[in-house]
Student: 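Below is one structure. I have some questions about it.
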Amino acid sequence: MRLAHGSTRATFKDKKSYHQVDNHGLSETSVASDHVPNDLLIGCHECAAIYRQLPLPKHGIAECRRCGAELYRHIPNFLNRTLALSIAALVLWIIANLFPYLSLKAGGLVAQNFLAAAAWSLFQHDMGELGLVVLLTSIAFPFLVIIGLIYLLLPVAFGYAPWQAARVYQLVKVLQPWSLVGVFMLGTLIAIVKLEDLANVIPGLSLYALTALLLVYSFANASFNSQAYWQLISNYRVTVADLTASDQVLQCHICDALQPDPARHSCGRCGLPVHYRTENSVQQSWALVAAATLMLIPANIYPVMTVKKLGKGGPDTIISGITNLLENGLYGLGLIVLFASIIVPFTKLIALSYLLYSVQSGSNWRPRDRTLLYRVTEIIGAWSMVDVFLVGLLAGLVNLGLLASVTPGIGATFFGAAVILTMLAAQRFDPRLIWDTTDEHYLDMEYAHE
């Protein structure tokens, strides 16, 4: 088994301060309120380092000392808290989809729409593929994540392990990055500001419910403790003694369990397939980056929407739309659209290209910083979807006959495709490849076998 040399420490933090944990155990200021077996091991999903899982204080977070990724945390009463928040989120989701979302009043005419109107308007303009993306990311995927969490937690609250928990958990984990309620809300705020000089915008009950849903949904996801959950429903454990006969340890990217036997092709805890590294990660990411780059060309050439007021107006590209906002004095709105539509997509492509090149060239330059770059790139990519949501919202709401109308353009389809491809490229990239050229892979032998 290949191990790191020298002393090793894991960094723990709570809301107030940082505590260092050395190879003799917890400091007195970090006395845990729960109990973890002192030989239980855990792996970092971003750099593949292995640590002994030590107890944490309440609200404490254990971070990988090598790459800075979060390893696990201690969330008191996470089961009941997450279940209650998920049920509340389901109620708010139902309200948000049953009542009017926004209304537009101008010249005696009133246009009212529901939450699904943004997607439906794109279908009506023969842009069904983009409408499907809006429908899935703003309505369907958040619903499936909420239902999935309730399904996973409710039986456990009554002392039962849910049937096919691993498959449902996998679905929840895959769909969470694509549940873009926050991005949709930002698109709504931009649409309201943009329509202020056109008509009177009246928020509906659905808008207030969606705002509350965003908060409750975010807290529910943040309260879910995956490590504690799997320890509740499974007796599978990997300890120090289990690693002595292996020189390659696999890690399940669904439940994060370590697999000391490299001959196994399925996780011993959740039963899903495991792999040493994501297969063809670099090649697939390069292909997705190239495709996204090609999509950005027509996305910036063709119009994304056409706005007409009293019969006047014309098609706008992304650049001309930003220019119009700045010329009309909407500097804040213009900068937001500039950042989300221009800076983020191109920066993400450059960052991913650099990461892929550094991995292929075997670079060992500042792996921690490159891992942080990957982490930021993965997080910010989804916010570029705000332009797509904005187009759908305006097209669905502004339908006042001769007074005003908004028609989506083909450029929005290309831009949506570019955003999705960059998100997929970031997800297919395996950050553990960054660390494969370094000398340090696991904890030192003395610490692991103390």
Side-chain angles (χ1 to χ4, degrees), residues 89-144 146 178-214 217 303-309 313 316 321 333 337 382 385-413 415-416 419:
L90 178 59
V91 173
L92 291 169
W93 184 93
I94 294 172
I95 296 174
N97 283 275
L98 287 181
F99 292 90
Y101 188 63
L102 287 172
S103 298
L104 196 64
K105 186 176 181 180
L109 297 176
V110 177
Q112 186 181 76
N113 70 2
F114 289 80
L115 187 59
W120 179 243
S121 65
L122 295 171
F123 279 102
Q124 290 180 314
H125 287 91
D126 297 323
M127 300 175 68
E129 65 287 338
L130 196 60
L132 181 62
V133 170
V134 173
L135 179 66
L136 292 176
T137 55
S138 63
I139 297 177
F141 288 165
F143 172 75
L144 291 175
I146 293 168
W178 298 94
S179 302
L180 307 180
V181 180
V183 184
F184 189 85
M185 280 299 304
L186 177 59
T188 301
L189 294 177
I190 295 175
I192 291 174
V193 174
K194 194 175 179 67
L195 292 172
E196 280 184 343
D197 62 340
L198 183 65
N200 183 27
V201 181
I202 305 170
L205 179 60
S206 173
L207 177 60
Y208 296 111
L210 190 68
T211 303
L213 172 63
L214 173 60
Y217 178 82
V304 292
M305 63 180 170
T306 300
V307 180
K308 290 187 177 181
K309 183 179 179 181
D316 275 325
L333 184 58
V337 177
M385 282 293 291
V386 66
D387 245 13
V388 177
F389 291 144
L390 177 61
V391 171
L393 284 164
L394 293 176
L397 186 61
V398 184
N399 187 18
L400 299 174
L402 296 176
L403 287 179
S405 65
V406 174
T407 305
I410 190 64
T413 299
F415 184 77
V419 175

Student: Can you name the residues that form a side chain to side chain donor-acceptor pair (under 3.5 Å) with Ser179, not counting sequence neighbours?
Tutor: Tyr217
Student: Taking all atoms of both residues into account, what is the closest heavy-atom pair of Ile146 and Ala89, and its distance?
Tutor: CD1-CB, 3.8 Å
Student: Applying side chain to side chain donor-acceptor pair (under 3.5 Å), name anything that partners Thr188, two or more places apart in sequence or on another chain.
Tutor: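 So Thr188 forms a side chain to side chain donor-acceptor pair (under 3.5 Å) with Tyr101.
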Student: Leu98: what forms a side-chain contact (heavy atoms from CB on, under 4.5 Å) with it, not counting sequence neighbours?
Tutor: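 Result, side-chain contact (heavy atoms from CB on, under 4.5 Å) vs Leu98: Ile94.
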Student: Which residues pass the side chain to side chain donor-acceptor pair (under 3.5 Å) test with Asn113, sequence neighbours left out?
Tutor: none
Student: Applying ring-ring contact (aromatic ring centres under 6.0 Å, His included), can you list everything that pairs with Phe389, at least two apart in sequence or on another chain?
Tutor: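 So Phe389 forms a ring-ring contact (aromatic ring centres under 6.0 Å, His included) with Phe184.
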Student: May I have the list of side-chain donor-acceptor pairs in residues 129-137 shorter than 3.5 Å, sequence neighbours left out?
Tutor:
residue	atom	partner	partner atom	Å
Thr137	OG1	Val133	O	2.7

Student: Could you state the interatomic distance from CG (Leu115) to CG (Leu102), rounded to the nearest 0.5 Å?
Tutor: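 So the gap between those two atoms works out to 9.5 Å.
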Student: Identify, with sequence neighbours excluded, every residue that meets ring-ring contact (aromatic ring centres under 6.0 Å, His included) alongside Phe143.
Tutor: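 Testing Phe143 for ring-ring contact (aromatic ring centres under 6.0 Å, His included), a comparison that skips the adjacent residues, returns Trp93.
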Student: So, taking the atom named CD1 in Ile192 and the one named CG in Leu207, what distance separates them when rounded to the nearest 0.5 Å?
Tutor: 5.5 Å
Student: Go through the steps for Ile190 and Val386 under the test side chain to side chain contact (heavy atoms under 4.5 Å, CB included), then give the verdict.
Tutor: CA-CA 9 Å; Ile190 295 175; Val386 66; 3.8 Å; yes
Student: Give, for atom CG of Leu186 and atom CG of Leu214, the distance between the pair rounded to the nearest 0.5 Å.
Tutor: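 Answer for the CG-CG pair, Leu186 versus Leu214, is 10.5 Å.
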Student: Listed by chain and number, what are the side-chain contact (heavy atoms from CB on, under 4.5 Å) partners of Trp120, not counting sequence neighbours?
Tutor: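 For Trp120, the residues satisfying side-chain contact (heavy atoms from CB on, under 4.5 Å) (neighbours in sequence not counted) are Phe123, Gln124.
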Student: How many angstroms lie between CE in Met127 and OG1 in Thr407, if you round to the nearest 0.5 Å?
Tutor: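 So the gap between those two atoms works out to 10.5 Å.
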Student: Minimum heavy-atom separation for Ala382 and Leu180, please, with both atom names.
Tutor: CB-CD2, 3.7 Å
Student: Rounded to the nearest 0.5 Å, what's the gap from OG1 on Thr413 to NE2 on His125? Could you check?
Tutor: 12.0 Å
Student: For Val91, which residues count as a side-chain contact (heavy atoms from CB on, under 4.5 Å) partner, sequence neighbours excluded?
Tutor: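 Here the qualifying residues are Ile95.
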Student: With heavy-atom distances below 4.5 Å as the criterion, would you say the side chains of Ser206 and Phe114 are in contact?
Tutor: no
Student: Please give me the minimum heavy-atom distance between Pro142 and Ser138, naming the atom from each residue.
Tutor: CG-O, 3.8 Å
Student: If you round to the nearest 0.5 Å, how far is CG of Asn97 from CG of Leu210?
Tutor: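 If I round to the nearest 0.5 Å, the distance is 8.5 Å.
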